[in-house]
Protein chains: 2
Amino acid sequence: MLMKKRASTVCPIVYALDIWGDPWSLVILRDVLIHNKRHYREFLASREQISTNILSARLQSLVEAGILVKIEGESNRAQTMYRPTQKALDLFPVVFAIMHWGLKYNPNTDMSIPIMQELTTNEKGLEHRLLSNFDDIQS
Amino acid sequence: MLMKKRASTVCPIVYALDIWGDPWSLVILRDVLIHNKRHYREFLASREQISTNILSARLQSLVEAGILVKIEGESNRAQTMYRPTQKALDLFPVVFAIMHWGLKYNPNTDMSIPIMQELTTNEKGLEHRLLSNFDDIQS
DNA sequence: GATACATACTTGCGAAATGCAAGTACGAAT
DNA sequence: ATTCGTACTTGCATTTCGCAAGTATGTATC
């Protein structure tokens, strides 16, 4: 985190930033929520090239913050998965809002990705479909 | 910024993060958009206690990114103002989405602030009222 | 009109976080 | 038995941050 961590803040924005307000955390959350990634190796493979120590640290802090859950396989570390909690699923509106803004102002956005099209034409449908990836989590 | 700056990215989220994805930038944007702050001294007075060098650097990078405009008074630096561009005003949905999430999960949110109440009961009205602070900017 | 004050910064430095490369631990595949 | 894949950890140079102090310039006060 950039900002000195506060035990508590009365501002909902600062509260949010203290948890996932560094860029790498949001990239991980994008991968989890939008691209349905769950394995360490999948996060590593992202275009943004996060380094292993940062990835490890961020996953851990997101778990501590109750955003992700670490599910370890029995007798095989390669089965370890990171899955979102409801607290993470509630970030869909945030992620979508950021995507809308980025889409408007980033001339290099790759519109050939189906999700980008769908975000503008059928956001609710997109959200519903993505949420169905996490049916086991939904309350 | 935490993340190595990219000249261009095809991801709208990473584009956004490269511009305002550090916590301090978002605190400044909160102050501009929600609390209608415009002067250096006002940003410094925020509860989060940003230090002067960071504030100076962030204001400059937000100006470079086309998010804020620096308006200098003639013959008096104390009149210097930082005002949002349309690109900043388009961040209202992002800021509101973050506030909604923070409100849900931050037990310490100060609900005595009128804006917090209004966000849940009348978001559109709140947005409209806040936007009216920037009538001169709106296209 | 000299002095104090306010504002908007810049500078210096120790502490922390980052980025990169390499190493480790362990199960699976050959 | 050896190699490979995966999930990390460790070490270190570089960058960024946080804090304190200093600077520049205009305004207010005596």
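Everything numeric in this text was worked out from a predicted model, so none of it was measured. Throughout, protein chains are lettered first and strands after them, A, B, ... in sequence-line order, and every chain is numbered starting at 1. Side chains included, hydrogens not; waters and symmetry mates left out as well; all remaining heavy atoms used.
- Between the CE atom of B:M81 and the P atom of C:dC9 there is a distance of 13 Å, rounded to whole Å.
- Candidate nucleotides D:dC8, C:dG19, D:dG18 were compared by shortest atom distance to the side chain of A:S56, and D:dC8 ranks first.
- For B:R83 and B:N36, the side-chain atoms include at least one donor-acceptor pair closer than 3.5 Å.
- Proximity note for B:N53 (side chain, C-beta onward) versus D:dG18, C:dC9, D:dT9: the nearest is D:dG18.
- Proximity of A:R41 to the phosphate of D:dA7: a side-chain N or O atom is located under 4.0 Å from OP1 or OP2.
- For the residue pair B:H35 and B:E42, no side-chain donor N or O sits within less than 3.5 Å of a side-chain acceptor on the partner.
- Between A:A65 and A:K87, the shortest heavy-atom contact is O-NZ, 3.2 Å.
- The backbone N or O of B:I67 sits less than 3.5 Å from a side-chain atom of B:T85, completing a donor-acceptor pair.
- Of the candidate nucleotides D:dC8, C:dG19, D:dG18, C:dG19 has the atom nearest to the side chain of A:I54.
- The CG atom of A:L55 sits 9 Å away from the C1' atom of D:dA7 (whole-angstrom rounding).
- Atom pair B:Y40:OH and C:dA8:C1' shows a separation of 6 Å (rounding to whole Å applied).
- Between B:W101 and A:W20, the ring-plane angle classifies as perpendicular under the 30° and 60° cut-offs.
- Comparing atom distances between the A:H39 side chain and each of D:dA7, D:dC17, D:dC8 picks out D:dA7 as nearest.
- Taking atom CG of B:D22 as the reference point, atom P of D:dT15 lies 18 Å away to the nearest angstrom.
- The nearest whole Å value for the distance from the CD1 atom in A:I50 to the C1' atom in C:dG19 is 11 Å.
- Grouping the Ile, Leu, Val, Met, Phe, Trp and Tyr side chains by contacts below 4.5 angstrom, directly or via other members, places B:L103 with A:L17.
- Under 3.5 Å, the side chain of B:T80 and the base of C:dT7 form no donor-acceptor pair of N or O atoms.
- Residue A:F43 is out of contact with every strand shown, counting any heavy-atom pair closer than 4.0 Å.
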- [ ] Apply side chain to side chain contact (heavy atoms under 4.5 Å, CB included) to the pair A:L130 and A:L33, showing each step before the final yes or no.
- [x] CA-CA 7 Å; A:L130 292 177; A:L33 295 176; over 6 Å; no
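- Spacing between atom CG of B:L17 and atom C1' of C:dT18 amounts to 16 Å, rounded to whole angstrom units.
- For residues 69-78 of chain B, proximity to DNA chain C is found at B:K70, B:R77, B:A78, defined as any non-hydrogen atom under 4.0 angstrom from a strand atom.
- At whole-Å resolution of the value, CD in B:E48 and C1' in D:dC19 are 18 Å apart.
- Listed in residue order, the members of residues 29-36 of chain B having a heavy atom less than 4.0 Å from DNA chain D come to none.
- One finds a side-chain N or O of B:Y82 lying less than 4.0 angstrom from the OP1 or OP2 phosphate oxygen of C:dC9.
- Checked against ring-ring contact (aromatic ring centres under 6.0 Å, His included), A:Y40 has no partners two or more places apart in sequence or in another chain.
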Open item on the list: Under the criterion side chain to side chain contact (heavy atoms under 4.5 Å, CB included), I'd like the reasoning laid out for B:E72 against B:Q79: C-alpha separation, chi angles, the key distance, then a yes or no.
Closed with: CA-CA 6 Å; B:E72 308 192 49; B:Q79 296 170 352; over 6 Å; no
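- The A:R58 side chain lies nearest to C:dA17 when the options are C:dG19, D:dA7, C:dA17.
- Put simply, the side chain of B:R41 gets close to the backbone of B:A78: a donor and an acceptor are under 3.5 Å apart.
- Following rounding to the nearest Å, A:L44 (CG) and D:dT6 (P) show an atom-to-atom distance of 10 Å.
- Between A:W24 and C:dT18 there is no side-chain polar atom (N or O) within less than 4.0 angstrom of OP1 or OP2.
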